[in-house]
Peer 1: 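Submitted below is the structure of interest, expressed as structure tokens.
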Amino acid sequence: MLPKKARLTSAEVREILKNGRSVRFGTLSAKYVPAATAKAAVVVSTKVAKAAVERNKLRRAAYLVLRTSLPKGVCAVFFLHKPVLDPIELASLCLKLS
């Protein structure tokens with residue numbers, strides 16, 4: 001899990017969704033804006049995983065990967081489009097943001 005200071009608030013997520021730039025890589029996509037500090041959020045839709053337990057497992061696995069690969073100076077919201085998470089794919093998407 002990311003530390004609380006590295007996670008986005010719901011207001012920040014709404015702002016990024018409204019004004020951010022998009023990038024897609026494989027089964028993942030992200031919206032991001034340049035910022036002074038690096039922050040992130042992970043969104044898993046109920047269309048991807050019906051049960052909350054499954055969505056939370058995917059979200060936690062993504063946060064674990066983001067702990068080491070989150071680029072500096074970017075606030076990003078990551079979206080998972082499939083019920084599996086490839087850590088290498090997420091790290092590659094993070095490289096595209098920086």
Side-chain angles (χ1 to χ4, degrees):
M1 197 69 160
L2 285 175
K4 187 161 178 86
K5 64 181 180 177
R7 284 182 270 162
L8 292 169
T9 64
S10 59
E12 290 171 325
V13 169
R14 280 192 292 276
E15 187 66 28
I16 291 171
L17 293 178
K18 188 173 159 183
N19 300 322
R21 298 186 61 189
S22 297
V23 64
R24 186 171 174 117
F25 187 78
T27 62
L28 302 169
S29 64
K31 282 204 125 182
Y32 66 97
V33 293
T37 59
K39 289 186 173 186
V42 178
V43 176
V44 182
S45 171
T46 54
K47 291 181 180 181
V48 173
K50 297 289 182 197
V53 173
E54 295 171 22
R55 290 193 306 273
N56 289 335
K57 282 182 183 178
L58 289 168
R59 191 175 298 117
R60 288 183 188 122
Y63 277 132
L64 187 64
V65 174
L66 286 174
R67 242 188 150 155
T68 58
S69 60
L70 187 63
K72 303 287 187 234
V74 173
C75 287
V77 180
F78 295 91
F79 300 94
L80 278 70
H81 299 289
K82 298 285 181 187
V84 293
L85 175 69
D86 183 12
I88 296 168
E89 194 174 307
L90 182 56
S92 299
L93 181 64
C94 288
L95 289 175
K96 285 180 117 180
L97 299 179
S98 57

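Source: prediction; values computed, not measured.
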Peer 1: Grab the two heavy atoms, one from H81 and one from S29, that are nearest each other, plus how far apart they are.
Peer 2: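 For H81 versus S29, the nearest heavy atoms are NE2-OG, 2.7 Å.
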Peer 1: Would Y63 end up clustered with V13 when hydrophobic side chains under 4.5 Å apart are linked, directly or stepwise?
Peer 2: no
Peer 1: Ignoring hydrogens, what is the shortest heavy-atom contact between A62 and L85? Give both atom names and the distance.
Peer 2: N-CD2, 3.3 Å
Peer 1: For a quick test of reading the model, state the closest non-hydrogen atom pair linking F25 to K96 and the distance between them.
Peer 2: CD1-NZ, 3.9 Å
Peer 1: Are F79 and L58 linked, directly or through other ILVMFWY residues, by side chains that come within less than 4.5 angstrom of each other?
Peer 2: no
Peer 1: First locate atom CG of L80, then atom OG of S45, and finally report the distance between them rounded to the nearest 0.5 Å.
Peer 2: 10.5 Å
Peer 1: Any side-chain heavy atom of L97 within less than 4.5 Å of one from L70?
Peer 2: no
Peer 1: My understanding is that only residues two or more places apart in sequence, or in another chain, count here; which of them pass side chain to side chain contact (heavy atoms under 4.5 Å, CB included) with R21?
Peer 2: Y32
Peer 1: Testing the basics here: between S69 and C94, what is the closest heavy-atom pair and its distance to 0.1 Å?
Peer 2: O-CB, 3.2 Å
Peer 1: Is V77 reachable from L2 through a run of hydrophobic residues whose side-chain heavy atoms are each under 4.5 Å from the next?
Peer 2: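 Different clusters.
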Peer 1: Side-chain heavy atoms under 4.5 angstrom apart, residues restricted to Ile, Leu, Val, Met, Phe, Trp, Tyr: same cluster for V44 and V23?
Peer 2: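 V44 and V23: one cluster.
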Peer 1: Shared ILVMFWY cluster between I16 and F78, side chains joined below 4.5 angstrom?
Peer 2: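 The answer is no; the residues belong to distinct hydrophobic clusters.
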Peer 1: Working to the nearest 0.5 Å, report the span between CG of L17 and CG of N19.
Peer 2: 9.5 Å
Peer 1: What's in the same ILVMFWY side-chain cluster as V53, cut-off under 4.5 Å, chained through other members?
Peer 2: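 For V53, no cluster forms, as it stays isolated from other hydrophobic side chains.
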Peer 1: Is the closest side-chain heavy-atom distance between V33 and V74 below 4.5 Å?
Peer 2: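 When only atoms from C-beta onward are counted, V74 and V33 do not touch, as no gap falls below 4.5 Å.
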Peer 1: I want to check something: taking the side chain as every heavy atom from C-beta on, are R55 and V48 in contact at a cut-off of under 4.5 Å?
Peer 2: no
Peer 1: Output all residues satisfying side chain to side chain contact (heavy atoms under 4.5 Å, CB included) with A51, sequence neighbours left out; order by chain, then residue number.
Peer 2: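 Partners of A51 by the side chain to side chain contact (heavy atoms under 4.5 Å, CB included) criterion, ordered by chain and then number, come out as E54.
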Peer 1: Applying side chain to side chain contact (heavy atoms under 4.5 Å, CB included), can you list everything that pairs with I88, at least two apart in sequence or on another chain?
Peer 2: D86, S92
Peer 1: With sequence neighbours left out, which residue pairs that include part of residues 56-72 fulfil the salt bridge (Lys or Arg N to Asp or Glu O under 4.0 Å) condition?
Peer 2: none
Peer 1: Can you list every pair that meets salt bridge (Lys or Arg N to Asp or Glu O under 4.0 Å) and has a residue in residues 27-46, with sequence neighbours left out?
Peer 2: E12-K39
